Peer 1: 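What follows is a single structure, and I will ask about it in a moment.
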Protein chains: 2
Amino acid sequence: MARPRSSSAHQKVLRAALELFGERGIDGTSMDAVAQASGVSKATIYHHWADKEALLMEAMLLVHGLDRESKEVDTEDLCRDLTTVLTRRNPDEFETERERLTPTLIAYSALHPKFGKVWRDGFIQPPRRSLTRILRRGMESGQLPADLDLELALAILLGPIMYVHMFRRESRPDFDYIGSTVAEAFCRGFAVEQAKLSKLPKTRRITVSGRLR
Amino acid sequence: MARPRSSSAHQKVLRAALELFGERGIDGTSMDAVAQASGVSKATIYHHWADKEALLMEAMLLVHGLDRESKEVDTEDLCRDLTTVLTRRNPDEFETERERLTPTLIAYSALHPKFGKVWRDGFIQPPRRSLTRILRRGMESGQLPADLDLELALAILLGPIMYVHMFRRESRPDFDYIGSTVAEAFCRGFAVEQAKLSKLPKTRRITVSGRLR
DNA sequence: TAGGCGATACTAAACCGTTCAGTATTGAAA
DNA sequence: TTTCAATACTGAACGGTTTAGTATCGCCTA
């Protein structure tokens with residue numbers, strides 16, 4: 001028909017929104033500020049997005065990567081598979097923005113359950129599912145204890161990475177290094193062969209799913 | 001002089017603020033809402049605190065426990081010491097409030113560096129220091145590799161607990177269980193005796209401070 | 001009787017979302 | 001190639017709401 005929407009304006013707004021959301025928080029960023037920073041008029045912004053939340057949602061999708069191919073890995077080598085998933089980088093170009101946005105999204109998700117569900121389903125669950133599949137295979141093949149506490153295992157694998165994301169941002173840590181180290185430490189700590197070699201007295205053995213025995 | 005300030009009003013405001021900050025976030029909580037919820041007039045609130053940030057600060061101190069005895073532990077048993085620190089509960093009565101407030105504080109700290117510094121110095125650093133001391137002893141005594149990457153070790157120890165706090169709040173996890181399991185897994189993964197028994201091929205040995213060799 | 005207290009009104013600023021007149025840009029018909 | 005209708009964009013203004021913080025009252029108590 002007639003004039004199509006300017007995708008350049010669309011992109012400029014998204015970039016500016018990302019920048020500002022990360023810098024000042026979501027509540028701390030007014031639509032006027034987005035308009036000014038992007039150079040796109042507020043009226044136009046409201047033609048492209050219904051409201052601030054819609055803009056936030058698309059910005060989040062952009063920064064987290066829209067594709068999210070969650071290719072599965074299965075190389076028989078438990079530790080290698082875990083490492084692969086834990087060191088998998090997101091399609092990056094928005095790494096900085098994502099890093100800065102993450103704390104804000106955590107808080108926002110805690111306060112807005114609806115948004116939180118979308119965020120978690122889209123970006124927290126996928127790696128959890130990949131890891132879960134690998135762990136289950138390990139349990140079935142006997143490499144891991146059959147009564148492994150999955151929830152705890154996921155926390156042990158993903159927690160350190162999140163921790164570093166959260167508190168060591170300025171020191172620009174090497175996430176590949178962390179991911180592989182965590183995976184290997186996990187395997188050492190939980191793989192059945194290792195457990196059998198443990199010299200820890202039985203009373204302090206880890207049962208992993210139950211408490212200490 | 002004359003009439004002293006009502007400590008009851010003071011407490012009521014703090015409690016209400018905690019409740020609301022946790023429930024709606026900091027930016028999402030107006031001083032009017034605090035006044036209404038506490039039953040204390042806004043004028044009185046501003047007699048007790050200079051501004052919203054001062055109120056937030058005191059509320060945070062309250063919820064995190066003002067005392068914070070950071071008793072050191074040293075029982076020659078590395079793993080036991082780590083477990084002790086990781087399962088140390090805070091003086092509780094405000095557990096619920098603290099749990100709810102944490103995501104908000106993470107975001108707020110990321111956006112307000114000044115506040116963030118106080119928060120981290122007060123409540124993130126102490127356990128880190130305790131653990132660091134224990135880890136150093138382990139390195140000196142030879143129980144841990146001399147070139148252990150402290151930053152990474154801290155992430156591995158504290159990350160899983162934070163992860164569970166963050167994402168598994170509803171499932172009411174048992175933090176003592178997590179703390180002790182993480183400590184023991186860490187010891188298995190990194191203690192030198194265990195490492196020597198490792199059957200992993202040398203090329204996949206973990207050097208812990210450097211990358212993979 | 002000095003000063004804390006509650007109630008309420010107030011200010012100045014910021015916010016979101018809407019509206020509108022005027023201008024620029026487009027695809028398609030002529 | 002020209003024309004034209006349809007739509008997007010700008011810039012500015014505006015309404016209604018909310019905010020942090022101040023000010024002004026009497027009332028009440030240590």
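Protein chains get the first letters and strands the later ones, always in sequence-line order, with residue 1 at the start of each. A quick note: this is a predicted structure, and the numbers were derived from the prediction, not measured.
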Peer 1: For residues 30-50 of chain B, which residue pairs qualify under salt bridge (Lys or Arg N to Asp or Glu O under 4.0 Å), counting only residues two or more places apart or in two chains?
Peer 2: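 Of all non-adjacent pairs touching residues 30-50 of chain B, those that pass salt bridge (Lys or Arg N to Asp or Glu O under 4.0 Å) are D32(B)-K42(B).
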Peer 1: Name each donor-acceptor pair under 3.5 Å that joins a side chain in residues 16-27 of chain A to protein atoms two or more places apart or in another chain, with its distance.
Peer 2:
none

Peer 1: Using a heavy-atom cut-off of 4.0 Å across all strands, would you classify T29(B) as base, sugar-phosphate, or nothing?
Peer 2: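 Sugar-phosphate contact only.
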Peer 1: Please give, in whole Å, the distance from dT10(D) P to Q36(A) CD?
Peer 2: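 Atom-to-atom, Q36(A) to dT10(D), this comes out as 14 Å.
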Peer 1: Does the plane of the ring in F123(A) sit parallel, tilted or perpendicular to the ring in H64(A)? Use 30° and 60° as the thresholds.
Peer 2: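 F123(A) vs H64(A) ring planes: parallel.
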Peer 1: Expressed as a whole number of angstroms, how long is the span from M31(A):CE to dG11(D):P?
Peer 2: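 Computing the M31(A):CE to dG11(D):P distance gives 17 Å.
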Peer 1: Please report the distance, rounded to the nearest Å, between CG in L55(A) and P in dG17(C).
Peer 2: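 L55(A) atom CG is separated from dG17(C) atom P by 10 Å.
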Peer 1: From OH of Y46(B) over to C1' of dT24(D), roughly how many Å is that when rounded to an integer?
Peer 2: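 So the OH-C1' distance, Y46(B) to dT24(D), works out to 17 Å.
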Peer 1: Let me have a per-nucleotide readout for nucleotides 4-11 of chain C, 5' to 3', with B, S or -, counting only protein heavy atoms under 4.0 Å.
Peer 2: BSBB----
Peer 1: Can you tell me the distance, in whole Å, between the CG atom of D51(A) and the C1' atom of dT18(C)?
Peer 2: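 Interatomic distance, CG of D51(A) to C1' of dT18(C): 13 Å.
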Peer 1: By the definition side-chain hydrogen bond (donor to acceptor under 3.5 Å, both in side chains), identify the one residue from R15(A), E58(A), R5(A) that meets it with H10(A).
Peer 2: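 The residue from R15(A), E58(A), R5(A) that satisfies side-chain hydrogen bond (donor to acceptor under 3.5 Å, both in side chains) with H10(A) turns out to be E58(A).
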Peer 1: With distance as the sole test, does R128(B) use its side chain to make a donor-acceptor pair with the main-chain N or O of L158(B) at under 3.5 Å?
Peer 2: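 No, because the side chain of R128(B) does not come within donor-acceptor range (under 3.5 Å) of the backbone of L158(B).
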